[in-house]
**Student:** 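There's a structure below that I have some questions on.
Just so it is clear, the values below take in all heavy atoms, side chains as well, and ignore hydrogens, waters and symmetry mates. Remember, it's a predicted structure, so these values are computed and weren't measured experimentally.
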Amino acid sequence: MADRAPDIALAFSAHDVKLPLRRCAECSATLVDADGRDVLTVDVNAARPDSDVEAIVLLLMNIVNSSADPSVGSALASAESTT
């Protein structure tokens, strides 16, 4: 199977999103790109418990970052906690 990492990074880049994604310092429910620009906010209606939102944000961040560059995803995963 061909390496998919360049395809993912290229797809995000085509939409002016610079990887890796990280959590926003001001809102833990928001993912931002490497330039600090919003990319995704989870549970904008606050229907879920904060702990669930945090876990979902970290899962999505780690999936995207690991898919684009496994070494970046691993480094960020070790710096963040889902518990």
**Student:** Would you give the length of the straight line joining atom CG of Leu21 to atom CG of Leu19, rounded to the nearest 0.5 angstrom?
**Tutor:**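 Between Leu21 CG and Leu19 CG, I get 5.5 Å after rounding to 0.5 Å.
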**Student:** Between Arg23 and Met61, which heavy-atom pair has the shortest distance, and what is it?
**Tutor:**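 Closest approach of Arg23 to Met61, heavy atoms only: N-SD, 3.9 Å.
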**Student:** Tell me if a side-chain donor or acceptor on Asp52 pairs with a main-chain N or O of Arg48 at a distance below 3.5 Å.
**Tutor:**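 No; judged by distance alone, with no hydrogens or angles, the pair does not exist.
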**Student:** Calculate, to the nearest 0.5 Å, the distance between atoms CG and CG belonging to Leu58 and Leu60 respectively.
**Tutor:**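 With rounding to 0.5 Å, CG (Leu58) is 9.0 Å from CG (Leu60).
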**Student:** Verify, without hydrogens or angle tests, whether Ser66 (side chain) and Asn62 (backbone) share a donor-acceptor contact under 3.5 angstrom.
**Tutor:**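 Confirmed, Ser66 side chain pairs with Asn62 backbone.
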**Student:** Can you give each donor-acceptor pair under 3.5 Å made by side-chain atoms of residues 24-33, sequence neighbours left out, with the distance rounded to 0.1 Å?
**Tutor:**
from	atom 1	to	atom 2	distance (Å)
Thr30	OG1	Thr41	OG1	3.0
Asp33	OD1	Asp35	N	2.9
Asp33	OD1	Gly36	N	3.1
Asp33	OD1	Arg37	N	2.9
Asp33	OD2	Lys18	N	3.3
Asp33	OD2	Arg37	NE	3.4
Asp33	OD2	Arg37	NH2	3.0

**Student:** First locate atom CG of Asn65, then atom CG of Asp69, and finally report the distance between them rounded to the nearest 0.5 Å.
**Tutor:**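 One gets 8.5 Å once the value is rounded to the nearest 0.5 Å.
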